[in-house]
Structure formats: structure tokens, C-alpha cells
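Comments concern the structure below.
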Amino acid sequence: SSGINAEYGGKVSDAVSELNRYLTTFSCDHESWLELADLYIGQQSYKQALFCVEELLLQHPHNHLFHQRYADILHTLGGKENLEASCKYYCRAAELNSSNVRALYGVLMSSSTLASIGKISAKAKSDNLTLAAWACDMIEEFYKSQRVGKSVILETASVLDKLSLK
Amino acid sequence: MSEVQLSLRSYAKILSHVVQYPYTAVNGVLLTPASPERKEGDGNLRRKEGNERVEVVDAVPLFHYNISLSPMLTVALTQIEEYAINRGLRICGYYHANEFHSDNDIGFVAARIADRIAENCEEGACLLLVNNEKLDHIATELPFKVFFPVRSTDRIDWKEGEEPILQYGERGLTLGPEIMKTQLYQSVVDMDSHYDDVRCHWDNAALNEVVTLFTESIPDLEEVEE
């Protein structure tokens, strides 16, 4: 059977209530916002998780991890608007920190998914394909700069081809 | 009745992953040889007549953080598939450890990921759920429940099966306490570690070596009778 164990579901919602209460007073405690976001993500309450990360982004606008986290949640929610937004946030994360490989993969995943959606304009499709290709190059370069083994480089190149086709 | 056999290598990695991140859910994939011909010798059990045996030769730990977020799951699965193909392996299952000690059922996230993996399995898939309560008894038994997919037109139901068998049986079980005692679990690499530092590889070569040494130290190794 599916579904979180009812007892722990109860404890988790207690934790959620407590954190919400705490954060109305101590809204600058970014660790608590993160913890609350994690609790919401664990419950698949993605919209609430987005709200928490939005608070983090307001207070820490140059933190690449928060941009990437925000994008991860948007991407998980799915749908054209969310994917477009996630792509923007992944790009911003990569811009803030070009070593954030999750952000780079995120750009690749979101842009190639968007490019494959039927109902987009030819320009949007072309832009997304360009972005996907850029992300692939960045990822490959990043792996090479980290001096990973040659077989890893080859495998990664093949993986990137497969991810681009989606 | 289907059955799962776990190699020492895969057991070492799953256990290490669970123990290294005790306060969070963890998950990973299971690998089996891609070719229909099974490897003979090395204490692997012979095929039972008329039964399916899923021979898990290796495991790749996936995540220990925000495991339900999707984009990196797709990337990780693609990377592991590529890795598997290049080594004559294929993904044959999924393991999952829930966050809470007493939560030992298949939750929504575990089912969804397991479904996805089963859909991509040409044959024989399994779901290995870590039984957190049995982690105190790894000297005497494996801490897992096994589930097999029952496929209907639009869904997959996971039905509990027999407990898995460990390579080398009772002597293999001594690996668990050994991992705990030596704190070997600290060296486990999962896909999250890889994305944090791409120089870390999910093949866990260091753990593989230790398991090999452990295996060689088992006295009087012979094929285990069924």
C-alpha cells in the first residue's frame, strides 16, 4: 500500500506547523526555511516548498544553490510554464556558479524537454536547442577541467547525447 | 516464485549507503548481467527449475537528499544505464530506505521510482525495501523486504516475495558487522556525491576492493548448496 505512515505523517505535519510558527517571528533563519522546504518536498507539497525557497531567494539573491533548488522543484512540478521558469532559474544558478553541475544538467533537461514540446514556436524551439547544446558543452568542459578519467569523459559525452534527444 | 540473490558487492554498497545517511531516505538501483547466460562459479547459486532468479551483482547508490525531485533522477539513470551497457550489465531493480525507523512500507515516492525502473526493465525487476528495524540484526539476517512487480494494463502493483539470499550465505552475513566495525560505509559514493564532486565515481571501486579482500578471507569457499 502507498502513502506515508500515518503516525509519521502526523509528526511531520507537527514539524511543519512548528516551523511555520517559528518563521513568522524569525523569518531570517535560512536554515529553517530550508528545513521547511525539505519537509514539504518530502510530502510532495511542491507549491509550499516553492514558497519557502522564494523566501530564501529574497534574502539571498546571489546564492546559486537556492536558484538551483527552486528550479528543481519547478521542473518536478512540470508543465510548460514551470519548465520555462526552471530553465531560467537553472541558467541563473549556472551564471552565479559555473561549477554547479546540477544547474548545468538542469539547463540541459529543461531546454531539451521544452524543445520537444509540440506547441511551441519555431524560434522557441531553436532557442531551446541552442541552450541545450550550450549546456552539453559546459558539462563536457567541466568534467574535463576536473580531470576525471578518460572513460568517464567518453561515457558522459554519450550520456549528454541521449539526454539531448529527449 | 521469484527470488533475489544479492552479491556481497551490492550488499556492501546498499548497507553502506543506508548507514552513512541514517537520518534521511536513501535510494539506488540494482544491476544484473545483461546477457541471458549467467556467470558460473564464485558461489553463485544455480538457477532453480521453473523459477526466476534475479541475480543482483552490483548496486549504484543514487541520492540521500530531496530524493523525490525529478531532473537529476533522469540524468542519473541515464548515466547508470550507459555505465551498465559498457560493462555487460543492465538495471534490474531499485532499493529504497525510508527516513523513519518504523516506516517500512513502500511509500509514494518509492513506488513511483520503482514503477519507472520496472517499466524500463526488459524482464525481471525487483524492489528492495530496507527494513530499518532489522538494521540492528545484520549479523544474523538481511535487513530487506523484496517486492516483485505485478503488471496490469495501467499500473504496477508491488507484491512482497521471499526474503533475498546473500552470496555465500551465513559467511557472507559477517560482512555487515565488519562494515559497521571498520566504518567502511564512510567511503560510499552515491550520485549526489558525484554531482557535488564529479571526480567521485559511483562505481565505488574502493568498496569493491574491500569486498574482494573480505571474500578471499572467507575460509573454505565452495559453491553453496541450495
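This one's a predicted model, so the numbers in the text were calculated from it and none came from an experiment.
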| task | Sort B/Asp196 into side chain, backbone, both or neither according to what part of it lies under 4.5 angstrom from a heavy atom of chain A. | result | both
| message | Can you tell me if A/Lys125 has over 12 outside heavy atoms packed within less than 6.0 Å of its NZ? | response | no
| Within 6.0 angstrom of B/Gln186 CD, more than 12 heavy atoms from elsewhere | yes
| Straight-line distance of A/Thr156 OG1 to B/Glu82 CD, nearest 0.5 Å | 9.0 Å
| message | A/Val12 vs B/Phe100, test: side chain to side chain contact (heavy atoms under 4.5 Å, CB included). Steps then yes/no. | response | CA-CA 11 Å; A/Val12 169; B/Phe100 299 112; 3.8 Å; yes
| Less than 6.0 Å separating the ring centroids of B/His201 and A/Tyr143? | no
| field | OG1-CG distance between B/Thr74 and A/Leu108, expressed to the nearest 0.5 angstrom | value | 10.5 Å
| query | Hey, does B/Arg199 have a side-chain heavy atom less than 4.5 Å from the side chain of A/Arg147? | reply | no
| remark: Output for pair (A/Ser158 OG, B/Asn86 CG), nearest 0.5 Å, gives 7.0 Å
| remark: Output for pair (B/Arg112 CZ, A/Gln44 CD), nearest 0.5 Å, gives 7.0 Å
| said: Quick check: under 4.5 Å, non-hydrogen atoms only, which of residues 75-97 of chain A neighbour chain B? | reply: A/His75, A/Thr76, A/Tyr90
| query | Of the backbone (N, CA, C, O) and the side chain (C-beta and beyond), which part of B/Leu73 lies under 4.5 Å from a heavy atom of chain A, both, or neither? | reply | neither
| remark: Contacts of B/Tyr195 meeting ring pair (Phe, Tyr, Trp, His ring centres under 6.0 Å) (sequence neighbours excluded), chain-then-number -> A/Tyr105
| task | Can you see which heavy atom on A/Val148 is nearest to which on B/Val198, and at what distance? | result | CG1-O, 3.5 Å
| request: Below 4.5 Å from any heavy atom of chain A, which atoms of B/Tyr83 appear? Answer side chain, backbone, both or neither. | output: both
| Heavy-atom pair with the smallest gap, counting every atom of A/Lys162 and B/Thr78 | CB-CG2, 4.0 Å
| message | Please enumerate all residues that pass side chain to side chain contact (heavy atoms under 4.5 Å, CB included) together with B/Asn208, with sequence neighbours excluded. | response | B/Arg9, B/Lys13
| said: So which atom in B/Pro71 and which in A/Met109 form the shortest heavy-atom distance, rounded to 0.1 Å? | reply: O-CG, 4.3 Å
| query | Among residues 60-74 of chain A, which residues come closer than 4.5 Å to chain B, judged by heavy atom distances? | reply | A/Arg69, A/Asp72, A/Ile73
| Side chain, backbone, both or neither: which part of B/Asp192 has a heavy atom under 4.5 Å from chain A? | both
| request: Decide, yes or no, whether a salt bridge links B/Arg87 with A/Glu155 under the criterion of side-chain N to carboxylate O below 4.0 Å. | output: yes
